[in-house]
There are 2 protein chains.
Amino acid sequence: METTTAVKRLSALAQEARLDVFRLLVKAGPEGRAAGEIARALDVAPNTLSAQLLVLSNAGLIGARRDGRSIIYSVRFDAMRELLGFLTQDCCGGRPEICAPLAAAKSCNRGVPDEAPARARGRR
Amino acid sequence: METTTAVKRLSALAQEARLDVFRLLVKAGPEGRAAGEIARALDVAPNTLSAQLLVLSNAGLIGARRDGRSIIYSVRFDAMRELLGFLTQDCCGGRPEICAPLAAAKSCNRGVPDEAPARARGRR
DNA sequence: TCCATATTTCGATATTCTTTGAAATATGGA
DNA sequence: TCCATATTTCAAAGAATATCGAAATATGGA
């Protein structure tokens, strides 16, 4: 990933209100959530939310689809993965020994082999 | 980690110049690098760099120690790990199945990729 | 002590962001 | 078609950021 893309994505997440939106969408999962629902849930004006969604969208972190009168936003998990990959690369770059303990901090890497999530061990 | 801390750290990294500084310090490793060296390496004015280092420092992402006339900055890898953990949590939150492929994107969790991240090779 | 080096602080300016009210666009239903 | 709902666009105001020149502080050595 180009650093300019990384900066764009980091910037998009680097604001309380937008981070809230993003987290809400993460919780919503692939089905996403309508703009209006998000606005009500976070108690933010529709036009303000629209601007926030635009920033996240321009950063590629979320996508949108229309459903009737509503517009449904959802996280682009691939983009988030890319970003995490970039940051991890930066953190480990050439010095895996420094970053080795990182795996322990990543709850989602635990017990999840590449394909089959054999069984999630409850801990978190 | 509190979201306000996360926002602070994301903001600190969300700018080209500061991301460059951070990446340089990551490469430098635990020994760190003197402010002056960084300024020369990145071709930025000393006072400008000072402001950038302050932001990264306030975010807790880097630390400083004096060595003679120089001040040596180095990455606080724990802080970076925390941030990555927070983001990963956000990404996986309650839905590890979504994030399962994430492990594959994390080069540092498996073998060591042979090269530094500095070089921008095309898409991946 | 005096001086050169290394870095930071201060103050100002230029730029970029964020939010808001008002108006516009798109959709579905009566 | 007309109307209500859902969302976005626009323009402006206010807030926050980034960078720069000049001056200040800290350190080591002659």
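Proteins come first, then strands; the chains are lettered A, B, ... in the order of their sequence lines, and each starts at number 1. What you see is a predicted model; the values in this text were computed from it and never measured. Atom set for the values below is all heavy atoms of this structure, side chains included, hydrogens, waters and symmetry mates excluded.
- Remark: B:Leu49 CG to B:Asp43 CG distance equals 11.5 Å, nearest 0.5 Å.
- When the side-chain nitrogen and oxygen atoms of B:Ser70 are compared with OP1 and OP2 of C:dT7, one or more of them lie within a distance under 4.0 Å.
- Straight-line distance from the CG atom of A:Asn58 to the C1' atom of C:dT16: 15 Å, rounded to whole Å.
- Rounded to a whole Å, the CD1 atom of B:Ile72 is 11 Å from the P atom of C:dT8.
- Between the C1' atom of D:dT5 and the CD atom of A:Glu37 lies a distance of 14 Å, rounded to the nearest Å.
- Judged by distance alone, the side chain of A:Arg9 and the main-chain N or O of A:Ala59 form a donor-acceptor pair under 3.5 Å.
- The CZ atom of A:Arg33 sits 15 Å away from the P atom of D:dA6 (whole-angstrom rounding).
- Following rounding to the nearest Å, A:Leu42 (CG) and D:dT7 (P) show an atom-to-atom distance of 13 Å.
- Rounded to whole Å, the distance from CD1 on B:Ile71 to C1' on C:dT8 is 8 Å.
- Heavy atoms of B:Ala34 sit under 4.0 angstrom from primed sugar atoms or phosphate atoms, though from no base atom.
- Here OG1 of B:Thr88 is found 7.0 Å from CE of A:Met80. Values are rounded to the nearest 0.5 Å.
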Seminar exercise, completed: Whether each nucleotide of nucleotides 18-30 of chain C has a protein heavy atom under 4.0 Å at its base (B), only at its sugar-phosphate (S) or at neither (-) is summarised, 5' to 3', as SBBBB---SBS--

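- Evaluated for a side chain to side chain contact (heavy atoms under 4.5 Å, CB included) with B:Val21, the options B:Leu42, B:Val26, B:Ile62 yield exactly one hit, B:Leu42.
- Residue B:Thr3 holds its OG1 atom at 10.0 Å from CG of B:Leu10, rounded to the nearest 0.5 Å.
- In terms of phosphate contacts, A:Tyr73 brings no side-chain nitrogen or oxygen within less than 4.0 Å of OP1 or OP2 of D:dA6.
- Side-chain N or O atoms of A:Arg81 include none that pairs as donor or acceptor with a backbone N or O of A:Leu83 at under 3.5 Å.
- The CZ-P distance, from B:Arg65 to C:dT8, rounds to 14 Å in whole Å.
- Between B:Glu16 atom CD and D:dT19 atom P there is a gap of 11 Å when expressed in whole angstrom units.
- Considering all non-hydrogen atoms of both residues, A:Arg76 and A:Gly63 come closest at CG-N, 4.0 Å.
- Applying the salt bridge (charged side-chain N to carboxylate O under 4.0 Å, His left out) criterion to A:Arg33, with sequence neighbours excluded, gives A:Glu37.
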For this session: Report the secondary structure of DNA chain D in dot-bracket form, marking unpaired bases with a dot and bases paired to a different strand with |, and treating Watson-Crick or G-U pairs with both distances under 3.5 Å as paired.
Result: ||||||||||||||||||||||||||||||

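- Side chain of A:Arg23 to main chain of A:Leu25: no donor-acceptor pair is present (N/O by atom type, distance under 3.5 Å, no hydrogens or angles).
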